[in-house]
K.L.:
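If you scroll down you'll find the structure; I have some questions about it.
Worth saying up front: this structure is predicted, and the values here are computed from it rather than measured.
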Amino acid sequence: MSSVFIFLQYQSRLEFATTQALTNHQQALKEVLTRIRSDYSNAQKVLSSLIYRYQAKQTLLDEFPPLLLKELSMFLHKDIHVDAIMFATQNGELWALHQLTEEQTALFANAPINTYFIVQNLNAAQEVRIYYTQSLELLDQEKLAASIDYTKRPWYTQAQKSNALALVEPYQDQYSNKKIFSLVKQQNQLTVSVDLNSTSLYASMYHDKLKFNTWLFLMNSSNKILALQDSKSIQLEEHQIAPWQTWLAQSATLVRSTNLTKLTEVTANDDKWYMSATHIEPQTKQGVMLVAATKAEYILQPIYNQLYVWLLVVLSVSLILIPISYLLARLMTRPIRQLENYASQLANFETPKPFSNYIKVEEIEDLKISLKHLYGNLNEFFSLLATLSKENDLQRLIDKIASQSANMMVAQGCLILLTQNNKLCAELLCFDGQKYDTNTLAQINWQKLYQLDEVSKTSALPNELKTLLSQSDNALYQLLVPLKNREQQVIGLQIYLYPNSTEKQTISLKLAEQVATFFGVAIEGRKLVNKQEKLLDSFIHVIAGAIDTKSHYTGKHCQRVPELATALATHAGNSQLFPQFAFNDGAKRQLSIAAWLHDCGKVTTPEYIVDKATRLETIYNRIHEIRTRFEVVKRDLEIAALKQQLASVDKDQIEAQLQQQINQLEQDFAHVAYCNTAEFVSDSDITKLEKISQRMWRPYFDERLGLSQEELTRYDSTQLTQDIGLLVNKTSHLLADQNLNCDKQKYTLVQPALRNNLGELYNLSIRSGTINNEERYAINHHIVQTIEILEKLPFPKHLNRVPEIAGAHHEKLNGQGYPKGLSGDAISFEARILAIADIFEALTSSDRPYKQAKTLTQALEIMQKLAAKEELDQTLLNFFISEKIPEKYAEQYLKPEQMN
């Protein structure tokens, strides 16, 4: 452990020292960059000022104004980095202001004594030089032949490439024959240049804190070194820079991706270097960069030397202290080790073993007592959590938590007050093991006795509570703890009752508040669950009500089936006849929801099919169309008879023949009307219908007139008026766009090719009931939709069988049911219960358009026949009858004449 500690200390000190050295070095580099940027900033201000003046008045530079001369001369005098300022105007003239230093005196041999400033005006024809003293007194002026083409100078050509401020790479000065830098800018045909001397650049790049033999470079965007600064001077010549250019270019990409906020480690020529690079012009982040390079060994070697000495001292001391420390630690930690074993047993919920008798440490003994108390509280606390997670009934939850929390707090009693409709109401009061009646508690005005407070506190017991508990004055006091929900809103009070003999300082307010936190959240959670269940129930009832309301013929079906199913399941759950069926609260809720939603798929069933009362009915009863045809045929017969009477003498014979035809016509229509409403149609009835359909009549108007675009698609475009039968099956009656699809892999329902067949003879020939095969499929398909809808709902685990129960109530034990063709044990017990409830309600319902309501006897006889054919569970049906569930249902919902 000591070795690890020493190693970690060494690593920590090494990292700290290295970081500190690099940070100091980095800060010095930042100061160098700041100084260079400051020099360039001053020159940039002069450039901007000249351009601004020129934009304001372009004639300003036709001559050199005294005011401008004064300002620029002051700038040159103060700024040692600038040798000259030049600007070329749009008329081809160059103006330049030079500050004459001792080095430059020989460059201007004709300059008078005491010359300090020289103003130079150059154009294509001549050059004019004006000499001034330091105080700007005019000394002399001379004119010379033009000898320099400034437009070919690097500073001028560079400025013409862009309007942006640019730093020109070093070039030979025509006067000093030395390399200089220039800062240039061109705007509105005015080109301004400020010459920067290399001597001042060295001063800017030098920093006495760069102690590690650091080399500074100026590098352009093409990774070319423009200048080199060592500890002595600045180097601008190619032969001075060349040795560095070769290896520095190898790391150019890496160097240019760094900045002064981070030193980058680079390996070059088998040496490690710390390097950094940043643009001198921070706004544009283009052009010349300042690059710094320092060998890593120059920075780290002094640090390593110091750390080696420190490490040697520490190791020497450690070799002496380690044995002594080990012996002392063993002696001092013996009670701690025993305590650790004690705590480990406590963590594993084992009964802690006592300490050895020869160990007597007062603090350890106090800690042992505290841990025993903690062990007891933990057991109570986890028991409390188990109650919170398992109990679903709110009142039982309150009872259990109050009892357990009173035990944890070692209280004599507990009172629970919760807010209801902005009033405090007592939910529980227990004292000395006695639980008080809620009716008694409701007579007390708790709102008057207690105020909701967010702070736990102790106080005297109210007189009303003393009277209720039959306690004398000052025998008890109370601890009030607020109950809060998740939003930290106070929703009630938990009040502990203590005898005065219990000292207040022994009561743990923190423990009481923690218990109250769990208690308040649990109560809120249980209330939210109850509200969600009520919301779900209301939503289910709304859906079922909407389905019942969709057709006034099936009204109340979805509401009555749950009552029948729940009643039958309740009796079955309490009977020894069905030992495998447990009908607890969860199962009851699951069956109830399944029963309420067993027909939810009917939302997709067309209303005219559900309400179809006659064979010819669709949106309306088409018997009226057929009646009209018979009326037309009758009038055609009368017209024909009248025409015959005009041409014949024997009018009586014609009249008798007409009457015979009309009688036959009336009989035919009566038979059609009978077949439209009859519960059953025989073979002879169908034969007679076919004979009637052969009687022809001729419509006058084209039947395609006035139809919608969808209807016209069912008609032949070449169809004209022609003789047709009184009863017809036409191609326009065939609705081909089947939209109720059925998964053949999942369901056994046979999907017809047509959505519906509206043929008149086809529908009148339905042998039983009023719906044809296509309509029967549409009705049966509602259970497919029921399953699909319910399976998409995210039911919780205790309700996950709702789709299966609701979707199997049309299955039959003999396997001939639908939609899946289940048989025998594949049909759950709950689905069998729902099937009996569904059929019984449908048989006894008095609002079905296609049948009369059955009496109790008739309904049960039909159901017994179905059970005999193994369509219903015979045992369950017998139990349904023996428990007199039909009679109890009939007393509430059936008409008196059905209760036989």
Side-chain angles (χ1 to χ4, degrees), residues 606 608-609 611-641 657-707 711-736 752-778 849-850:
Y608 77 89
I609 296 179
D611 293 348
K612 189 176 182 183
T614 66
R615 288 172 171 80
L616 289 174
E617 185 173 340
T618 52
I619 302 300
Y620 70 101
N621 193 345
R622 293 180 294 159
I623 190 67
H624 303 300
E625 286 187 28
I626 296 175
R627 179 185 291 109
T628 301
R629 297 174 197 166
F630 275 85
E631 294 283 359
V632 172
V633 172
K634 177 176 178 293
R635 281 159 181 73
D636 286 347
L637 292 174
E638 290 174 344
I639 293 171
Q657 184 180 4
L658 172 62
Q659 189 60 45
Q660 182 181 0
Q661 291 175 330
I662 291 176
N663 291 340
Q664 182 62 46
L665 195 63
E666 290 175 348
Q667 292 175 15
D668 290 346
F669 180 74
H671 183 70
V672 172
Y674 164 77
C675 292
N676 189 36
T677 58
E679 189 168 353
F680 300 98
V681 172
S682 64
D683 291 342
S684 59
D685 292 330
I686 296 175
T687 301
K688 190 172 182 180
L689 286 171
E690 293 174 348
K691 183 178 179 181
I692 295 172
S693 68
Q694 295 174 2
R695 183 158 190 166
M696 311 302 289
W697 74 293
R698 172 171 292 184
Y700 176 76
F701 297 100
D702 189 339
E703 63 180 347
R704 295 172 300 171
L705 298 176
L707 300 184
E711 290 178 288
L712 286 173
T713 60
R714 304 199 297 266
Y715 284 81
D716 187 348
S717 60
T718 61
Q719 183 177 357
L720 300 174
T721 57
Q722 58 185 348
D723 290 346
I724 59 176
L726 286 174
L727 301 175
V728 291
N729 291 330
K730 298 186 293 186
T731 57
S732 61
H733 287 149
L734 305 179
L735 307 183
L754 299 176
R755 175 161 58 94
N756 204 348
N757 186 340
L758 304 180
E760 297 162 352
L761 186 59
Y762 174 77
N763 280 273
L764 286 171
S765 300
I766 298 171
R767 296 183 180 277
S768 177
T770 62
I771 59 176
N772 58 38
N773 291 335
E774 289 76 15
E775 292 166 341
R776 171 65 62 187
Y777 171 78
Y850 46 82

K.L.:
Do any pairs count as a salt bridge (charged side-chain N to carboxylate O under 4.0 Å, His left out) and have a residue in residues 768-777, sequence neighbours left out, and if so which ones?
P.N.:
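Matches after skipping sequence neighbours: K612-E775.
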
K.L.:
Does a side-chain heavy-atom distance below 4.5 Å link L726 with W697?
P.N.:
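With C-beta onward as the side chain, the pair touches.
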
K.L.:
What pairs with L658 under side-chain contact (heavy atoms from CB on, under 4.5 Å), at least two apart in sequence or on another chain?
P.N.:
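Expected list: L637, E638, A641, E655, Q661, I662.
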
K.L.:
Within this structure, what is the CG-NZ distance for the pair D636 and K634, rounded to the nearest 0.5 Å?
P.N.:
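Rounded to the nearest 0.5 Å, the CG-NZ separation comes out at 11.0 Å.
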
K.L.:
Quick one: are R615 and V681 in side-chain contact, heavy atoms under 4.5 Å?
P.N.:
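Yes; the side chains approach each other to less than 4.5 Å.
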
K.L.:
Applying side-chain contact (heavy atoms from CB on, under 4.5 Å) to L758 and R622, what does each step give before you reach the verdict?
P.N.:
CA-CA 10 Å; L758 304 180; R622 293 180 294 159; 3.7 Å; yes

K.L.:
Apply side-chain hydrogen bond (donor to acceptor under 3.5 Å, both in side chains) to the pair N663 and Q667, showing each step before the final yes or no.
P.N.:
CA-CA 6 Å; N663 291 340; Q667 292 175 15; over 6 Å; no

K.L.:
Determine all donor-acceptor pairs shorter than 3.5 Å in which one atom belongs to a side chain in residues 687-695; sequence neighbours excluded.
P.N.:
residue : atom : partner : partner atom : Å
T687    : OG1  : D683    : O            : 3.0
S693    : OG   : E690    : O            : 2.5

K.L.:
If the condition is ring pair (Phe, Tyr, Trp, His ring centres under 6.0 Å), which residues does Y762 pass it with, not counting sequence neighbours?
P.N.:
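Checked Y762 against ring pair (Phe, Tyr, Trp, His ring centres under 6.0 Å); zero matches.
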
K.L.:
Locate the shortest heavy-atom distance separating I766 from N772; write the atom from each residue and the value.
P.N.:
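For I766 and N772, the tightest heavy-atom pair comes out as CD1-N, 3.4 Å.
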
K.L.:
Apply side-chain contact (heavy atoms from CB on, under 4.5 Å) to the pair H671 and F669, showing each step before the final yes or no.
P.N.:
CA-CA 5 Å; H671 183 70; F669 180 74; over 6 Å; no

K.L.:
Does M696 offer a backbone N or O that forms a donor-acceptor pair with the side chain of D723 under 3.5 Å?
P.N.:
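Judged by distance alone, no pair lies under 3.5 Å.
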
K.L.:
Roughly how far, to the nearest 0.5 Å, is the CD1 atom of I771 from the CD1 atom of I609?
P.N.:
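If I round to the nearest 0.5 Å, the distance is 8.0 Å.
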
K.L.:
Which atom pair, heavy atoms only, marks the closest approach of A736 to L754?
P.N.:
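Shortest heavy-atom contact: CA-CD2, 3.9 Å.
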
K.L.:
Only counting residues at least two apart or in another chain, list the ones meeting side-chain contact (heavy atoms from CB on, under 4.5 Å) with T677.
P.N.:
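Applying side-chain contact (heavy atoms from CB on, under 4.5 Å) to T677 gives T614.
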
K.L.:
Taking only residues two or more places apart in sequence, or in another chain, which ones meet L712 in a side-chain contact (heavy atoms from CB on, under 4.5 Å)?
P.N.:
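Partners of L712 by the side-chain contact (heavy atoms from CB on, under 4.5 Å) criterion, ordered by chain and then number, come out as R704, L707, Q709.
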
K.L.:
Can you check side-chain contact (heavy atoms from CB on, under 4.5 Å) on V672 and L764, steps first, answer last?
P.N.:
CA-CA 8 Å; V672 172; L764 286 171; 3.9 Å; yes

K.L.:
Show, in sequence, the C-alpha distance, side-chain angles and deciding distance for F680 and R767, and conclude whether the side-chain contact (heavy atoms from CB on, under 4.5 Å) test is met.
P.N.:
CA-CA 5 Å; F680 300 98; R767 296 183 180 277; over 6 Å; no

K.L.:
Find the distance between OH (Y715) and NZ (K730) and round it off to the nearest 0.5 Å.
P.N.:
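Here the interatomic distance stands at 4.5 Å.
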
K.L.:
So, taking the atom named CG in N763 and the one named CG in L727, what distance separates them when rounded to the nearest 0.5 Å?
P.N.:
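It is 11.5 Å, given to the nearest 0.5 Å.
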
K.L.:
Any donor-acceptor pair under 3.5 Å linking the side chain of D668 with the backbone of L665?
P.N.:
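No, D668 side chain to L665 backbone: no donor-acceptor pair under 3.5 Å.
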
K.L.:
Can you find a heavy atom in the side chain of I724 that is under 4.5 Å from one in the side chain of P699?
P.N.:
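A side-chain contact under 4.5 Å exists here.
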
K.L.:
Show your reasoning for whether salt bridge (Lys or Arg N to Asp or Glu O under 4.0 Å) applies to E631 and R627.
P.N.:
CA-CA 6 Å; E631 294 283 359; R627 179 185 291 109; 5.7 Å; no

K.L.:
Please name the pair of heavy atoms, one in T770 and one in A613, separated by the smallest distance, quoted to 0.1 Å.
P.N.:
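Looks like CG2-O, 3.4 Å.
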
K.L.:
Going through the checks in order, is the side-chain hydrogen bond (donor to acceptor under 3.5 Å, both in side chains) test met by Y608 and N756?
P.N.:
CA-CA 12 Å; Y608 77 89; N756 204 348; 3.0 Å; yes

